[in-house]
Amino acid sequence: MGRRLAETERTYETGPRNDLPDLTGLTAGTRALPPLRLNAVYYDTAHLTLTSHRITLRRREGGDDDGWHLKLPTDRPDTRTEIHAPLGAPGTPPEDLRAEVAALVRGRILTPIVRLRTVRSRVLLLDDQDRTLAEVAYDQVNAKPGPAWSEIEVELYAGDEALLDAVERRLGDAGVTRSDAPSKLVRALGGRRPEPAVGRPERPGPDATAGAVALAYLRAQLTAIVALDPAVRHAGEDAVHRMRVATRRARSALKSFGHVLDRAETDPLGAELKWLAEVLGAERDREVLAARLARRLSELDPDDPDAPSDRGPALDAVRRRLGEGPPGGTWNAEAHAADPHTDVVRALDSARYFALLDAFDGLLAAPPYLPAADRPASQVVADVLGHDRRRLRGAVRAALALPPGQARDVALHEARKAAKRARYAGEAAEPVLGAEAAGYTARMKALQQLLGEHQDSVMCRAAVARVRGRAEAAGEDTAPYEAIERAELGIAARAEERLPEVWGAAEREG
């Protein structure tokens, strides 16, 4: 992965002059540096996809930071995340940087769109220890194709933005004003500047329509999927789980709001979201199972007086079978010859995934609204919550009517999926129904988590049973596997015992 850092800077309009305004007195000292000649090539798709999302990708020679630079927007207006990669040869941007924007570029070619030649004069603002607090640069820029202009950049190195404010006041006294161009690239593009892409999803107000509420929730999920894409590719902590949740939330919303958005139009997208969730699920399920098996193994006491005298070596054999390995290792190398993460990355590089994202964009750009979309959201989302809760009630009652065993396990899994859908509908309703929906969401989440604990136990027992069969065939001690299965049976039984109480609380609280 490239080196990441936060870059905080402001840019100002200025005339064709050869020096900077007087900056003395702003800090303990200043130091002028020799001029630099910078040559930069900016890359984007033919439709300027990156630029429309306030992202710049360039290869720059000259100065202290030769190399490839990818700049990503943040929540702070003057701060961007900058990712560096080594200079290398001109041509295709480095794979690490392309992975950061793959969910936006979607397989399209990144080509040079602008070349900039800059002559930069610099002054450092120093503290009383001669450390750099900020750099003020006067740039004379020539774009090809494009115009020529001059500007001042002020980049914060240390301290807070109060120093930037002080510099801005000094520049203002000299007749220098803030630039309205977010980057040199945008200024060079001039009339070719693309329209900004949709920004951060906004929460609809209490007077919103049902269509606006459904669309806002869906937009938030697409935003999350695209934002998490780089972290998933780099195996970031919890990234797979969070992307999978966003995918499931989107699919669930398409179902819950089926009388607001035409299912005939949205079902194909729902099917592709299901595919993506399943791809992500293979790695996520492995992670969950590995953690669960590690806990169960840690609970097996080799010093138990009732255990066979050779329990220690037997546990070592179990650990090898389950592939527990060292921290950071992968679970069950026997059963997972292919690395699930490799499969995930392959899917995220596929035309199918990129087509899914394009279809999601298309849905948000031209929603297939039904007449109910124009109704007040407060009425429609209440109907949605009622429908999903009735569906959940039927699933829970059907499961509780069955005796313990495989059929009940399957029914409880179906109830878990219904609880999850009810929870996500509650989340979508919160901007409109407020505390009422928040309480509903919390109750559905508690039910979902209880049923999830039961399902995780079922899956763990199934995995252990498969490995136990291989161990038995090899003549190994199967007692540790049986102990894990007994522990998991107890966990599942306790979840089933608590279910009537948890469901009853959800019912009573409306």
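Quick caveat: nothing in here was measured; it's all calculated off a predicted structure.
Annotation: side chain to side chain contact (heavy atoms under 4.5 Å, CB included) contacts of Val41 (sequence neighbours excluded): Tyr43, Pro112, Arg115. By the salt bridge (Lys or Arg N to Asp or Glu O under 4.0 Å) test, Arg292 is found to be paired with Glu453, Glu488, residues two or more places apart in sequence or in another chain being considered. With sequence neighbours excluded, the residues that form a ring pair (Phe, Tyr, Trp, His ring centres under 6.0 Å) with His69 are His84. For Ala253, the side chain to side chain contact (heavy atoms under 4.5 Å, CB included) partners are Tyr217, Leu218, Phe257, not counting sequence neighbours. For Arg76, the side chain to side chain contact (heavy atoms under 4.5 Å, CB included) partners at least two apart in sequence or on another chain are Thr8, Thr74, Thr79, Glu161. Every residue two or more places apart in sequence or in another chain that forms a side chain to side chain contact (heavy atoms under 4.5 Å, CB included) with Val186 is listed here: Thr51, Pro182, Ser183, Arg193.
Salt bridge Asp78/Arg178: present, at least one basic N to carboxylate O contact under 4.0 Å. Between Glu95 and Arg233, none of the side-chain N atoms (NZ, or NE/NH1/NH2) sits under 4.0 Å from a carboxylate O, so this pair counts as no salt bridge. Asp64 and Arg122 are joined by a salt bridge, as a carboxylate oxygen and a charged side-chain nitrogen come within less than 4.0 angstrom of each other. A salt bridge links Asp343 with Arg346: the closest approach of a Lys/Arg side-chain nitrogen to an acidic carboxylate oxygen falls below 4.0 angstrom. In summary, Glu155 and Arg10 do not engage in a salt bridge, as defined by a charged side-chain N under 4.0 Å from a carboxylate O. Electrostatic pairing of Asp285 and Arg244 counts as a salt bridge here, judged by a charged N lying under 4.0 Å from a carboxylate O. In summary, Asp361 and Arg106 engage in a salt bridge, as defined by a charged side-chain N under 4.0 Å from a carboxylate O. The existence of a salt bridge linking Arg108 and Asp358 is confirmed by a sub-4.0 Å separation between a basic side-chain nitrogen and an acidic carboxylate oxygen. Between Arg187 and Glu13, at least one side-chain N (NZ, or NE/NH1/NH2) sits under 4.0 Å from a carboxylate O, which counts as a salt bridge. At a threshold of 4.0 Å, the pair Asp388-Arg423 does not count as salt-bridged, since none of the basic side-chain nitrogens sits closer than that to a carboxylate oxygen.
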>> For Thr247 and Gln221: C-alpha separation, side-chain torsions, deciding distance, then whether side-chain contact (heavy atoms from CB on, under 4.5 Å) applies.
In response: CA-CA 7 Å; Thr247 302; Gln221 307 322 313; over 6 Å; no

> Under the side-chain contact (heavy atoms from CB on, under 4.5 Å) criterion, do His454 and Arg416 qualify, and how do the steps go?
Replying inline: CA-CA 9 Å; His454 183 276; Arg416 177 198 183 192; over 6 Å; no

>> Before you tell me yes or no, could you show the steps for Arg3 and Glu82 under salt bridge (Lys or Arg N to Asp or Glu O under 4.0 Å), namely the whole-Å CA-CA distance, both residues' side-chain angles and the distance that decides it to 0.1 Å?
In response: CA-CA 8 Å; Arg3 181 168 57 92; Glu82 185 169 324; over 6 Å; no

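Defined by atom type and a distance below 3.5 Å, a donor-acceptor pair is missing between the side-chain atoms of Glu427 and Thr441. Side-chain contact annotation: Glu168 with Tyr12, donor-acceptor N/O pair under 3.5 Å present.
At distances below 3.5 Å, at least one donor-acceptor pair connects side-chain atoms of Arg59 with backbone N or O atoms of Gly88. Side-chain atoms of Asp160 come within 3.5 Å of backbone N or O of Ala162 as a donor-acceptor pair. For Thr11 (side chain) and Ser179 (main-chain N/O), no donor-acceptor pair under 3.5 Å exists by modelled atom type. Panel note: side chain Asp44, backbone Thr49; a donor-acceptor pair is recorded below 3.5 Å. The backbone N or O of Ala134 sits nowhere less than 3.5 Å from a side-chain atom of Thr132 that would complete a donor-acceptor pair. Between the side chain of Asp238 and the backbone N or O of His241 there is no donor-acceptor pair closer than 3.5 Å. Thr118 places no side-chain N or O within 3.5 Å of a backbone atom of Arg120 that could act as its donor or acceptor partner.
A cation-pi arrangement, defined by a distance under 6.0 Å to the six-membered ring centre and an angle within 45 degrees of its axis, is present between Arg352 and Trp275.
Side-chain contact between Thr266 and Pro368 is present, with heavy atoms from C-beta onward closer than 4.5 Å.
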